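In this text the structure is predicted, and so the values were computed from the model without any measurement. All residue numbers in this chain count up from 1 along the given sequence. Scope of the values below: all heavy atoms of this structure, side chains included, with no hydrogens, waters or symmetry mates.
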Amino acid sequence: MSEMMKAKVGIIGGGPSGLLLSQLLDLKGIDNVVLEKHTRNHVLGRIRAGVLEHGFADLMREAQCGARMDAEGELHTGFFINDNGTLHRIDLAGHTGGNSVMVYGQTELTRDLYEARDRMGGRIIHEAQDVAIHGADSDAPALTWRKGDETFRLACEFVIGADGFHGVSRKSIPREVLTEYEKVYPFGWLGVLSRTRPVSPELIYSRTPRGFSLCSLRSQVLSRYYIQVPLSDSVEDWPDEAFWEELKRRLPDEVAGRLETGPSIEKSIAPLRSFVAEPMRWGRLFLAGDAAHIVPPTGARGLNSAASDIHYLYHALCDHYLEGDDRGLETYSDRALARVWKAQRFSWWMTMMLHEFPDHPAYDRRLQQVELDYLLSSDAAQASLAENYVGLPF
Ligand code: APR
Ligand code: PHB
């Protein structure tokens, strides 16, 4: 027996992209259903990035999900770059007419979105197995899935593929329609979350001969640190003591001296890669977020690029349903991709400038150093970095 449901918009994936779109559409009276493969606790167990562009923070407020972010998140008006022992501050606000970024963890943001959907009685179906898309290139698409022994079918007008890199949506688009671009870096980031006071009030991105490191934070009692490691390393190779020792060696002495260490409460290795799939639309299926693109974490663009897709999609669907205007839907893929590629460029540039590339020839190493020297000596170069880091206009 199969149960039949109906909604205007069917959203695959209950990560930040899917939940934010669901909430924004619901506030405009556009009914939708979210299908999520895992349990809510599983989704909330993932530790991800934590730097939000100011435009994304505004979108969270528009979604009526900004209260805890504004109370507990931290506005950062700058960050540091450590060039092999010397700290330089990048003044984000000074270079962007007063803009800043919001430091607030993706896990907390996702929790706020779930709570908002609960308050509004949003339809979110967890543990939806074998989700399949039917008739995406027709006028009457549908989604089917299984939960336990029962099968379900949702008739909808649009399907949003917000199911992350490993989801089913992108794979449902015929191969001859899609072009995929990929770049894989020869290292990963080993990340540690610890209940310790952050070593610096603002983030520190470090370039050292031993490799990259990053000091970040979730709050004044929760720190997030990363070090560049070879892809052949595993978490077992890095007991806490070894991690802290290596991090200290990749920080200026004065910073290392005040680093508070403690047991890790999460430790994982993430490979660095860039990926874009084009176009982001096939018929009535629209891709958003990690389903369509991935960036290395160096420029903190991943979650922000997902939010910019949702910004365009939200306005396109509102124009369709509330104004009878389809131009936003027609131009979604081109507009989203134009911004996505700028985020790709920025993340690539930050990654190439700050990491150690063991196989690079001497010439490339000198160029890498002069790229950083130029940045740290030029107001114009810092203004460009700041403009990208706080978020390009939508
Ligand atoms: N059916 C239903 N849901 C699925 C399926 C499927 N076949 N496959 C994956 N999902 C779910 C995942 O369980 C996950 O909860 O889709 C969700 C996708 O969420 P994310 O991977 O977090 O992707 P997205 O919502 O686009 O979030 C933006 O930017 O760079 C990143 O860290 C950042 O995760 C963040 C992302
Ligand atoms: C994080 O806090 O996890 C973080 C911050 C900035 C980055 C990447 C990750 O560029």
Side-chain angles (χ1 to χ4, degrees), residues 9-28 30 32 34-36 48-49 51-60 62-63 65 106 109-110 113 133 136 158-173 178-181 274-297 299-321 326-347 388 391-394:
V9 181
I11 300 173
I12 310 177
S17 301
L19 293 171
L20 178 59
L21 183 64
S22 169
Q23 173 70 4
L24 287 164
L25 292 179
D26 204 358
L27 286 167
K28 295 287 183 190
I30 301 171
N32 62 82
V34 175
L35 302 179
E36 165 57 50
R48 299 266 175 92
V51 175
L52 316 185
E53 295 172 358
H54 66 103
F56 182 12
D58 285 342
L59 200 57
M60 285 294 286
E62 185 170 347
C65 289
Q106 180 177 324
L109 176 138
T110 309
L113 287 165
I133 305 171
F158 294 100
V159 176
I160 310 302
D163 48 355
F165 184 69
H166 300 286
V168 66
S169 303
R170 188 181 67 254
K171 293 172 193 144
S172 305
I173 300 178
L178 271 192
T179 306
E180 297 185 343
Y181 301 86
S274 306
F275 174 87
V276 182
E278 295 185 347
M280 287 172 60
R281 172 193 185 175
W282 183 56
R284 284 172 173 262
L285 167 62
F286 293 77
L287 301 181
D290 278 18
H293 43 77
I294 301 280
V295 282
R301 293 303 87 189
L303 179 57
N304 289 304
S305 295
S308 93
D309 295 348
I310 297 308
H311 166 90
Y312 293 125
L313 255 185
Y314 163 54
H315 288 286
L317 287 164
C318 285
D319 288 350
H320 171 81
Y321 282 112
D326 279 352
R327 278 174 301 179
L329 290 174
E330 298 299 340
T331 56
Y332 167 71
S333 180
D334 287 345
R335 293 178 72 195
L337 281 166
R339 200 172 186 282
V340 159
W341 274 108
K342 288 178 187 150
Q344 292 280 330
R345 184 204 71 82
F346 180 65
S347 306
N388 281 275
L392 295 172
F394 289 129

Side chain to side chain contact (heavy atoms under 4.5 Å, CB included) assessment of Trp282 paired with Leu178: CA-CA 9 Å; Trp282 183 56; Leu178 271 192; over 6 Å; no
Met280 and Phe286: CA distance, side-chain angles, deciding distance, side chain to side chain contact (heavy atoms under 4.5 Å, CB included) verdict: CA-CA 6 Å; Met280 287 172 60; Phe286 293 77; over 6 Å; no
Within this structure, what is the [atom1]-[atom2] distance for the pair [X] and [Y], rounded to the nearest 0.5 Å?
{"X": "Leu317", "Y": "Leu21", "atom1": "CG", "atom2": "CG", "value": "6.5 Å"}
{"X": "Arg301", "Y": "Leu392", "atom1": "CZ", "atom2": "CG", "value": "8.0 Å"}
{"X": "Tyr314", "Y": "Leu27", "atom1": "OH", "atom2": "CG", "value": "7.0 Å"}
{"X": "Arg48", "Y": "Thr110", "atom1": "CZ", "atom2": "OG1", "value": "8.5 Å"}
{"X": "Ile11", "Y": "Leu19", "atom1": "CD1", "atom2": "CG", "value": "8.5 Å"}
{"X": "Leu24", "Y": "Cys65", "atom1": "CG", "atom2": "SG", "value": "8.0 Å"}

Between [X] (side chain only) and [Y] (backbone N and O only), is there a donor and an acceptor less than 3.5 Å apart?
{"X": "Ser22", "Y": "Gly18", "answer": "no"}
{"X": "Asp326", "Y": "Asp319", "answer": "no"}
{"X": "Tyr332", "Y": "Leu287", "answer": "yes"}
{"X": "Gln23", "Y": "Ala63", "answer": "yes"}
{"X": "Asn304", "Y": "Glu53", "answer": "yes"}

Within 45° cone of Phe158 ring axis and under 6.0 Å: Arg284 NZ or CZ: yes
Cation-pi check, Arg170 onto Phe165 ring (under 6.0 Å, within 45° of axis): yes
Stepwise side-chain hydrogen bond (donor to acceptor under 3.5 Å, both in side chains) test for Asp309 and His293: CA-CA 10 Å; Asp309 295 348; His293 43 77; 2.6 Å; yes
Restricting to non-hydrogen atoms, name the atom on [X] and the atom on [Y] that form the minimum distance, rounded to 0.1 Å.
{"X": "Pro16", "Y": "Leu113", "answer": "O-CD1, 3.9 Å"}
{"X": "Asp163", "Y": "Ala291", "answer": "OD1-CB, 3.7 Å"}
{"X": "Ser308", "Y": "Arg339", "answer": "CB-NH1, 3.2 Å"}
{"X": "Met60", "Y": "Leu20", "answer": "SD-CD1, 4.2 Å"}
{"X": "Gly13", "Y": "Val34", "answer": "O-CG1, 3.6 Å"}
{"X": "Ser305", "Y": "Ala343", "answer": "OG-CB, 3.4 Å"}

Close side-chain approach of [X] to [Y], heavy-atom, < 4.5 Å:
{"X": "Ser274", "Y": "Pro296", "answer": "yes"}
{"X": "Arg281", "Y": "Glu330", "answer": "yes"}
{"X": "Ile133", "Y": "Ile12", "answer": "yes"}

Centroid-centroid distance, Trp341 to Tyr181, less than 6.0 Å: yes
Test side chain to side chain contact (heavy atoms under 4.5 Å, CB included) applied to Arg345 and Asn388, step by step: CA-CA 10 Å; Arg345 184 204 71 82; Asn388 281 275; 3.6 Å; yes
Side chain to side chain contact (heavy atoms under 4.5 Å, CB included) evaluation trace for Asp334 with Tyr312: CA-CA 10 Å; Asp334 287 345; Tyr312 293 125; over 6 Å; no
Neighbour count above 12 (heavy atom, 6.0 Å) for Arg335 CZ: no
Neighbour count above 12 (heavy atom, 6.0 Å) for Lys28 NZ: no
